[in-house]
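So the structure is just underneath, and the comments pick up after that.
To find a chain, count down the sequence lines: A is the first, B the second, and so on, and within it residues start at 1. All heavy atoms count here, side chains included; hydrogens, waters and symmetry mates do not.
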Amino acid sequence: MTVRTRFAPSPTGFLHIGGARTALFSWAFAKKHGGTFILRIEDTDVARSTPEAVQAILDGMQWLGLDYDEGPYYQMQRMERYKQVIQTMLDAGSAYYCYSSREELEALREQQMANKQKPRYDGKWRPEAGKTLPTPPKDIQPVIRFKNPVDGVVVWDDLVKGRIEIANSELDDLIIARADGTPTYNFCVVVDDSDMGITQVIRGDDHVNNTPRQINMLKALAEIDTAIQLPQYAHLSMILGSDGQKLSKRHGAVSVMQYHEDGYLPEAVLNYLARLGWSHGDDEVFSMAQFCDWFDLNHITASAAQFNTEKLNWLNNHYIKLADLTELAKDIAARLAQQGVHVTATPNLTDAISLYRDRANTLNELAQSVAYFYSKPQVDAEAKAKHVTEDILSVLAGLTAQLAEVEWTTEAIHALIAQTVASHALKFPKVAMPLRVLITGGAQSPSIDAIMAILGRDETIARLSS
RNA sequence: GUCCCCAUCGUCUAGAGGCCUAGGACACCUCCCUUUCACGGAGGCGACCGGGGUUCGAAUCCCCGUGGGGACGCCA
């Protein structure tokens with residue numbers, strides 16, 4: 001059977017890092033098996049869904065390069081289909097109208113909680129053989145509930161967690177259509193996964209408790225339509241924040257696009273996410289092509305994983321070092337422009353980047369570190385006091401004068417500095433450090449001669465003369 | 001509260017009963033390289049949650065405990 005997987009976010013916010021990983025695994029599984037990856041937008045919660053959120057999800061997936069083969073499907077556009085299925089269930093007796101009011105249900109829940117019981121529907125309107133149902137009140141619009149089996153257990157072999165067994169006695173008759181007639185999540189998922197021929201449902205493990213309900217509905221549907229088959233399920237454990245707490249809006253569950261803004265390469269984020277909860281022996285760094293080739297559900301960890309920015313940084317640095325220089329320069333120029341620093345043809349940006357890329361964890365850091373090539377640096381006062389001392393000023397003046405004459409190459413500049421150092425019987429850093437401070441603004445930088453070569457003669461002399 | 005899931009270095013993980021003196025990566029520390037800081041190179045520190053079983057043998061299987069997480073909506 002051809003593999004068909006899906007990613008089914010609800011558009012109530014941006015695509016966060018956990019959602020991105022779920023999408024990534026689903027995507028990779030389809031790729032690995034030459035299957036189809038489907039995007040489905042679960043927007044039945046009209047009150048919370050927004051077009052902006054849909055766009056944010058689309059943008060996030062595009063940035064990461066998680067392309068889908070089908071979709072996006074929108075559940076709101078499938079209303080007729082859901083209503084049709086609900087009707088067949090009503091006709092088949094696997095669903096029924098329930099007239100319990102919200103207040104009534106709320107009171108029931110509170111009472112059960114007070115009795116330390118698991119809150120659930122009491123089955124008041126559930127039809128049973130030989131049971132007389134109450135007379136429906138006129139002022140209440142009924143909801144429709146699924147008639148869940150009372151006995152037995154629901155069992156499935158979770159592709160990540162192994163065999164999971166949940167007793168039907170733990171489940172109640174869930175609402176599949178609201179009073180206004182709109183279907184609810186668990187029901188839509190079942191219809192969609194079935195209609196779309198999903199073979200592996202790969203999703204977050206907060207859905208484990210929904211799975212037995214969905215399986216029961218699927219089985220009920222399968223009694224009506226024998227072509228319906230159960231998918232396999234793979235429940236991914238969640239990603240925790242760096243503090244070990246659940247990722248949430250106020251707990252670092254940032255949008256994947258925030259990583260873009262913060263200067264992370266999609267390759268790094270992808271590689272990091274792939275490795276978070278999945279492994280291939282000791283392999284740490286790999287391309288998406290390699291990942292898709294290796295990916296399997298057997299090597300997914302069942303336990304929750306904590307997000308670690310330092311490792312992401314390390315990977316990001318790795319991919320920055322590997323990045324195409326021209327592409328990198330384009331990105332860095334844009335980031336500099338955002339800060340009001342405009343890149344000019346000289347000094348050469350790609351040369352400047354080559355000098356700094358090895359030490360940058362993010363593109364923002366990289367942009368920051370080459371900014372002084374295009375705007376006067378703010379000279380660090382402490383570094384200046386320490387390195388630009390009285391006794392060295394005359395040496396610098398002499399050097400500056402010679403700089404006007406020297407051939408403008410890294411080698412020639414280096415030779416000139418070395419010669420100055422020698423003629424004054426100094427140590428190399430004694431001259432290099434003040435140059436560094438005056439030219440770059442700080443005490444840490446790559447080789448100062450290489451920097452000067454890129455910066456240009458006039459600007460170098462200008463900075464040394466001020 | 002009830003049900004479900006999970007448990008190896010600080011973190012991500014390898015580990016399918018003997019290959020484990022528990023391996024790798026990030027972080028951290030030391031040294032080397034060096035023109036400062038990085039990069040890079042070489043080392044180091046550092047873990048099987050606890051208790052019972054099963055077995056000749058357990059990080060690996062079973063049970064109990066503990067700890068963490070999730071679910072219990074006319075949200076998804």
Measure the distance from NE2 on H16(A) to C1' on rA76(B) and round it to the nearest whole Å.
11 Å
Just to be sure I understand the rule, does T301(A) reach a base, reach only the sugar-phosphate, or reach nothing, if contact means heavy atoms closer than 4.0 Å?
sugar-phosphate
Find the partner of rG1(B): check Watson-Crick (N1-N3 plus N6-O4 or O6-N4) and G-U wobble (N1-O2, O6-N3) distances, both under 3.5 Å, and reply none if neither fits.
rC72(B)
Between D45(A) and A302(A), which has a closest nucleotide on RNA chain B that is more 5'?
A302(A)
Return the pairing partner of rA59(B) with a 3.5 Å limit on both distances, Watson-Crick or G-U wobble; otherwise return none.
none
Which part of the nucleic acid, if any, lies within contact of S100(A), taking any heavy atom under 4.0 Å across all strands shown: a base, the sugar-phosphate backbone alone, or nothing?
base
So does H299(A) get a side-chain nitrogen or oxygen closer than 4.0 Å to the phosphate oxygens (OP1/OP2) of rG15(B)?
yes
Touch class at under 4.0 angstrom, heavy-atom based, for N115(A) against every strand present
nothing
How many Å lie between CD1 on I175(A) and P on rC72(B), as a whole number?
13 Å
Indicate whether OP1 or OP2 belonging to rG73(B) is found under 4.0 Å from a side-chain N or O atom of R109(A).
yes
For K321(A), is the NZ atom crowded, meaning more than 12 foreign heavy atoms sit under 6.0 Å from it?
yes
Spacing of the P atoms in rC9(B) and rA22(B) (rounded, Å):
14 Å
Counting distance alone, no hydrogens or angles: does the base of rU36(B) have a donor or acceptor under 3.5 Å from a partner atom on the side chain of H387(A)?
no
Could you say whether A450(A) or N209(A) is positioned toward the 5' end of RNA chain B, judged by the nucleotide with the nearest heavy atom to each?
A450(A)
Quick note, E170(A) side chain, CB onward, closest among rU35(B), rG69(B), rC3(B) is rC3(B)
Near-ring test F307(A)/Y272(A), centroid separation under 6.0 angstrom
yes
Can you list, by residue number, the residues of residues 76-85 of chain A that have a non-hydrogen atom closer than 4.0 angstrom to RNA chain B?
none
Between rC45(B) and rG10(B) - C1' atom distance, rounded Å
12 Å
Base partner of rA27(B), which must satisfy Watson-Crick or wobble distances under 3.5 Å:
none
Between rC3(B), rU35(B), rC6(B), spot the one nearest the side chain of D449(A), thanks.
rU35(B)
Could you state the CD1-P distance from I166(A) to rU2(B), rounded to the nearest angstrom?
16 Å
Once you round it to whole Å, what is the distance between P of rU35(B) and CG of L399(A)?
17 Å
Classify the nucleic acid contact of H414(A) as base, sugar-phosphate or nothing, counting any heavy atom under 4.0 Å across all strands shown.
base
Please pick, from rU35(B), rC74(B), rC5(B), the nucleotide with the shortest atom-to-atom distance to any side-chain atom of K161(A).
rC5(B)
Protein within reach of the bases, or only the backbone? For nucleotides 22-30 of chain B, mark each nucleotide 5' to 3' as B, S or -, using heavy atoms under 4.0 Å.
-BBBSS---
Taking any heavy-atom pair under 4.0 Å as a contact, classify T182(A): base, sugar-phosphate, or nothing.
nothing
Using atom P of each nucleotide, how far apart are rC29(B) and rG46(B) to the nearest Å?
16 Å
Taking the side chain from R40(A) and the backbone from Q75(A), do they hold a donor-acceptor pair closer than 3.5 Å?
no
Nearest whole angstrom, please: distance from the P of rG73(B) to the CG of L108(A).
10 Å
Determine the interatomic distance between C1' on rG70(B) and the same-named atom on rC74(B); round to the nearest Å.
23 Å
Please check the phosphate of rA14(B) (OP1 and OP2 only) for any side-chain N or O of S279(A) closer than 4.0 Å.
yes
Provide the Watson-Crick or G-U wobble partner of rU36(B), both distances under 3.5 Å; none if there is no partner.
none
Which atoms form the tightest heavy-atom contact between D172(A) and N148(A), and what is the distance?
O-CB, 3.8 Å
With a 4.0 Å cut-off on heavy atoms, is P446(A) in touch with a base, just the backbone sugar-phosphate, or nothing at all?
base
Does the N186(A) side chain pair with the main chain of Q214(A), one donor and one acceptor, at a distance under 3.5 Å?
no
Any idea how W294(A) and F286(A) line up, ring-wise: parallel (<30°), tilted (30 to 60°), or perpendicular (>60°)?
perpendicular
Is the shortest side-chain N/O distance from S49(A) to OP1 or OP2 of rA76(B) below 4.0 Å?
no
Are any side-chain N or O atoms of K147(A) and backbone N or O atoms of R126(A), one a donor and one an acceptor, separated by less than 3.5 Å?
no
What about the rings of F7(A) and F37(A), do their centers lie closer together than 6.0 Å?
no
Less than 4.0 angstrom between a side-chain N/O of S445(A) and OP1 or OP2 of rU36(B), yes or no?
no
Rounded to whole Å, CZ of F146(A) lies from P of rC74(B) at a distance of 16 Å
Close side-chain approach of I332(A) to V370(A), heavy-atom, < 4.5 Å:
yes
For the pair made of CD in E106(A) and P in rC72(B), what is the distance, rounded to whole Å?
14 Å
Which part of the nucleic acid, if any, lies within contact of L276(A), taking any heavy atom under 4.0 Å across all strands shown: a base, the sugar-phosphate backbone alone, or nothing?
sugar-phosphate
What distance, rounded to whole Å, do you find between the two P atoms, one in rG15(B) and one in rG24(B)?
15 Å
Integer angstrom distance from the C1' of rU21(B) to that of rC61(B)
24 Å
When the P atoms of rG53(B) and rA16(B) are considered, how many whole Å apart are they?
25 Å
Check whether NZ of the Lys or CZ of the Arg R145(A) lies under 6.0 Å from the centre of the six-membered ring of Y121(A) and within 45 degrees of that ring's axis.
yes
Q306(A), nearest nucleotide to its side chain (from rU35(B), rC3(B), rU11(B)):
rU11(B)
Nearest-nucleotide pick for L105(A), side chain only, options being rC6(B), rC74(B), rC4(B)
rC74(B)
Closer than 4.0 Å, any side-chain N/O of K321(A) to the OP1 or OP2 of rG40(B)?
yes
Integer-rounded Å distance: rG69(B) P and D205(A) CG:
13 Å
Which part of the nucleic acid, if any, lies within reach of V143(A) when heavy atoms closer than 4.0 Å are counted: base, sugar-phosphate only, or nothing?
base
Work out how far the C1' atom of rG69(B) is from that of rU34(B), and round it to whole angstrom.
49 Å
Do H280(A) and Q290(A) come within less than 4.5 Å of each other through their side chains, counting heavy atoms only?
no
With side chains defined as the heavy atoms from C-beta onward, is the minimum distance between N168(A) and D151(A) less than 4.5 Å?
no
Nucleotide opposite rU54(B) in a Watson-Crick or G-U pair, distances under 3.5 Å:
none
Identified pairing partner of rA7(B), criterion: Watson-Crick or G-U wobble below 3.5 Å
rU66(B)
Pairing donors with acceptors under 3.5 angstrom, does anything connect the side chains of Y185(A) and N210(A)?
no
So M89(A) and L221(A), side chain to side chain contact (heavy atoms under 4.5 Å, CB included) or not? Walk me through it.
CA-CA 7 Å; M89(A) 288 175 78; L221(A) 253 25; 3.5 Å; yes
Given rG1(B), rC4(B), rC74(B), which nucleotide is nearest the side-chain atoms of R102(A)?
rC74(B)
